[in-house]
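The structure under discussion appears below in the form of structure tokens.
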Amino acid sequence: MARLGIFGGTFDPIHLGHLLIAEEFREQLQLDRVLFLPAGQPPHKIGRPISPVQHRLAMLHLAIGGEPAFGISYVDVQRPGPCYTADSLAILRSQYPGDELFFLMGEDSLADLPNWHDPNRIAAQAILAVALRPGVTIDLDRVIAAVPTARDRIQLVRAPLIQIAASDIRRRVAEGRSIRYHVPREVEDYIYANQLYVQAVTPSTTAPGA
């Protein structure tokens, strides 16, 4: 039985913070593989500008190319409409029968889990692997009271402080500022070659889709 990490997000663009936290999860949880799960239409970002999926996928491929421990799942980008995490995990469980799924998330996302769509089904289908973030305090008892299935299904991971945000990268490009060392060099070249983010966009959260 393989241990499979599921890392959801819009990845608009994927940056070095994403890669670093994915590797921390992989190492600390002894995951066999981490699958990046790019969102199609995140329910919590309806009405906000998101780059076309072909660009986000291309940047993901460039960022993780050659790393056998990382892969991409197309579960959400291949189906129409808002994609809910509970449904995505159900599809992944059918695609990887017998594997143990770990849904990778931040501590702030866990705090908001009771507000997600069908949170009990999320916790029933995957271990909730949570990166501890400095300055974020979470009431685990409150989360478990609201999402009883999460009891004994939460694993905490110590993660380094990463102050890189996709919204900031988009803003820096729009302002003509450097994004070097924020994203892999291949991703940086792709952004400029395709003139992505040249117009300012609305800042958005980097949390996985609800």
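All values below were derived from every heavy atom in this structure, side-chain atoms included, with hydrogens, water molecules and symmetry-related copies excluded. Counting begins at 1 with the first residue of the sequence.
With sequence neighbours excluded, no residue forms a side chain to side chain donor-acceptor pair (under 3.5 Å) with Asp168. Remark: Gln78 pairs with no residue by the side chain to side chain donor-acceptor pair (under 3.5 Å) rule, at least two apart or across chains. Remark: Arg26 engages Glu23 in a side chain to side chain donor-acceptor pair (under 3.5 Å) (not counting sequence neighbours). Residues satisfying the side chain to side chain donor-acceptor pair (under 3.5 Å) criterion with Arg172, sequence neighbours excluded, are absent altogether. Under the salt bridge (charged side-chain N to carboxylate O under 4.0 Å, His left out) criterion, Arg3 pairs with Glu100, not counting sequence neighbours.
Here the side chains of Leu16 and Pro184 are in contact, with some heavy-atom distance below 4.5 Å. No side-chain heavy atom of Pro13 sits less than 4.5 Å from a side-chain heavy atom of His182. No side-chain heavy atom of Trp116 sits under 4.5 Å from any side-chain heavy atom of Val147. A 4.5 Å side-chain heavy-atom check between Pro38 and Leu57 finds at least one atom pair inside the cut-off. Side-chain contact between His61 and Ile72 is present, with heavy atoms from C-beta onward closer than 4.5 Å. For the pair Val187 and Ile191, the minimum side-chain heavy-atom distance is below 4.5 Å. Side-chain contact check for Val157 versus Ile21: every heavy-atom pair is 4.5 Å or farther apart.
Residue pairs meeting the side chain to side chain donor-acceptor pair (under 3.5 Å) criterion with at least one member in residues 28-37, sequence neighbours excluded, are Glu24-Gln28.
Here the CG-CG distance, from Asp99 to Leu35, works out to 9.5 Å after rounding to the nearest 0.5 Å. For the atom pair CG of Asp189 and CZ of Arg185, the computed distance is 5.0 Å after rounding to the nearest 0.5 Å.
At distances below 3.5 Å, at least one donor-acceptor pair connects side-chain atoms of Asp12 with backbone N or O atoms of Ser51.
Within a 6.0 Å radius of CD in Glu27, other residues, nucleotides and ligands contribute 12 heavy atoms or fewer. Environment of CD in Gln54: crowded, with over 12 heavy atoms of neighbouring residues, nucleotides or ligands closer than 6.0 Å.
For Phe36 and Phe11, the ring centers are positioned less than 6.0 Å apart.
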